[in-house]
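Take a look at the structure below.
Counting starts at 1 for both ligands and their atoms, in listed order. As a basis for the values below, the full set of heavy atoms in this structure was taken, side chains included, without hydrogen atoms, waters or symmetry mates.
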Amino acid sequence: MRPTKIARAAGTGASVPVECCQICGHAPLENALSLSYMPPVNQMVKIGTVPHQQPWFPTNLFYCSKCELVQLGLAVDPVIIFPPEYPYTSGMTKLLRDNFAELYVESSKMLGLSKDDLIVDIGSNDGTLISNFQNGGHRILGIEPTDVSKIANGRGIPTLQRYFGKAVAREVKEQHGAAKVVTCANCFAHIEDIHAIVEGIIEMLAPDGVFISESHYLIKLLEMLQYDTIYHEHLRYYSVGSIKHLLEMHGLEVFHARPIPSHGGSIRVYATRKGTRPVQPSVKQMLDAEPRGDAMRQRLKKFRDEVMLSKLRLHTLIRDVKEKGGRIVGISAPSRASTLFNYVGLDEAIIDYVCEIEGSLKIGRCMPGTLIPVVEESRMFVDQPECAIIFSWHIADELAPRLRAKGYKGMLVTPLPVPRAL
Ligand SMILES: [Zn+2]
């Protein structure tokens, strides 16, 4: 059954509660976690702006026992969460760049892509993913609603600046032909009406075309206590089970699924029209390892307790530094840091500033919901604060050696899953 009430916040300039499951329409949903109220993660005011009214939204996670989807209890107007000045470009993280390069190698080999094949990437950002297909000699097209599409076009990656939907899909098909591959990395969780998105994808897809999605993985989120990835951009937190349920509603069949390292643990799922390709054993393997029903309810309760404890543990670590008069700064300001800052209650009295590498569009702004400034990283090597908390803790292995090599001598801390000094 399709949801009878789709929470449509687009165009409202506000938010709309999710009253039934976004995939299967089941109601009522069960409350899995509450993080109280949060500001939109991209609401980063310029340093020195006179404080003015800003919106905050309830941030609750719900569980659907029918299709296993874990989802946000509120849809916020995309205009609020993806402002045109959206300060994010995916090309910045080495881990992501490597993952997209690997996605090309894996998929082009598995699918036997030829030069004429069209590859379309939905939510293509600065074109990092699809540039791999372009370098491989294939025809490509990116679709990206924000101004980041201008960066992509400037780099020679053809990109349509539009919100993806069925109308755009039809246009793409008329102008470029059907797509052999449609990719959607980390935006499959973002768009309100997921059924319209899947319909749009099918509209563009060649009869034997393949849809590849990459999404943050619910099971990894629970395991690694990544509650900081819960924010209003992410309406849905997928398992292989819930993605399969969604795609099957549209006649698509998942034929390969596997874990990938992006964002601290994601899944790459391959699907095609039912019966087109043999289903690989990876699908059953992943499904068998996922909790369902009562096992999932228990897993979610454990997660809820651990999230609360992790907040208190981080307070303890910070208090120890502060009681000795230590200064604390933050390393990197990813979107996920906004949830952690506001849930834990970090403010400018605790964190002096947050560092981003030169060129980041976040420099000169404040962390969402706070007056903590984001500054260029070189400052911390001069200041040498006693403690630096890595808020991109999922890539701490990449960041810590770089900070040491640049001369930082203080204590490096990762805040999750258990706060600890490296
Ligand atoms: Zn459901």
Side-chain angles (χ1 to χ4, degrees), residues 1-10 15-35 57-76 78 165 184 186-202 211 213-223 226-227 229-254 257 265-269 271 274 283-284 286-304:
M1 189 182 81
R2 290 276 290 267
T4 47
K5 269 188 180 172
I6 294 165
R8 286 181 201 278
S15 65
V16 176
V18 171
E19 292 179 77
C20 64
C21 176
Q22 299 170 43
I23 289 183
C24 75
H26 177 72
L29 298 169
E30 301 169 31
N31 194 313
L33 177 74
S34 175
L35 295 175
F57 299 96
T59 309
N60 300 308
L61 215 52
F62 288 98
Y63 167 60
C64 172
S65 58
K66 196 176 159 212
C67 74
E68 296 292 327
L69 180 69
V70 168
Q71 53 201 296
L72 217 57
L74 191 79
V76 180
C184 187
N186 311 307
C187 62
F188 207 46
H190 292 191
I191 305 163
E192 300 193 330
D193 185 353
I194 189 62
H195 291 286
I197 297 308
V198 178
E199 283 168 2
I201 290 164
I202 291 171
F211 169 53
S213 69
E214 289 190 354
S215 308
H216 195 229
Y217 190 31
L218 171 68
I219 309 302
K220 227 22 192 198
L221 185 160
L222 301 177
E223 218 170 80
Q226 299 183 62
Y227 75 82
T229 61
I230 300 168
Y231 45 86
H232 299 99
E233 274 179 34
H234 297 158
L235 287 164
R236 294 168 292 275
Y237 302 81
Y238 292 105
S239 57
V240 176
S242 57
I243 284 201
K244 184 169 175 283
H245 192 108
L246 166 66
L247 297 176
E248 277 177 358
M249 289 172 80
H250 296 272
L252 294 178
E253 185 170 56
V254 173
S266 301
I267 38 172
R268 182 181 297 158
V269 175
K274 194 169 168 53
V283 179
K284 185 175 185 301
M286 291 209 64
L287 285 171
D288 286 350
E290 292 179 349
R292 317 199 134 63
D294 277 342
M296 182 53 102
R297 287 190 184 95
Q298 280 169 23
R299 188 64 194 79
L300 289 167
K301 186 192 176 303
K302 187 170 165 234
F303 175 66
R304 194 157 61 228

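Contact between A9 and V16 at its shortest, heavy atoms only, is CA-CG2, 3.8 Å.
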Using the side-chain contact (heavy atoms from CB on, under 4.5 Å) rule, take F211 and V198 through it: C-alpha gap first, then chi angles, then the decisive distance, then the call.
CA-CA 10 Å; F211 169 53; V198 178; 5.9 Å; no
Verdict with reasoning, E248 to E253, per side-chain contact (heavy atoms from CB on, under 4.5 Å):
CA-CA 6 Å; E248 277 177 358; E253 185 170 56; 5.8 Å; no
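Around the Zn ion (ligand 1), the two atoms SG of C67 and SG of C21 are separated by an angle of 100°, to 10 degrees.
For the Zn ion (ligand 1), the set of nearby N, O or S atoms under 2.8 Å includes one belonging to C24. At a cut-off of 2.8 Å, H245 is not counted among the residues with an N, O or S atom near the Zn ion (ligand 1).
Checking each of R297, E68, Q71 against Y63 for a side-chain hydrogen bond (donor to acceptor under 3.5 Å, both in side chains) leaves exactly one that passes, namely E68.
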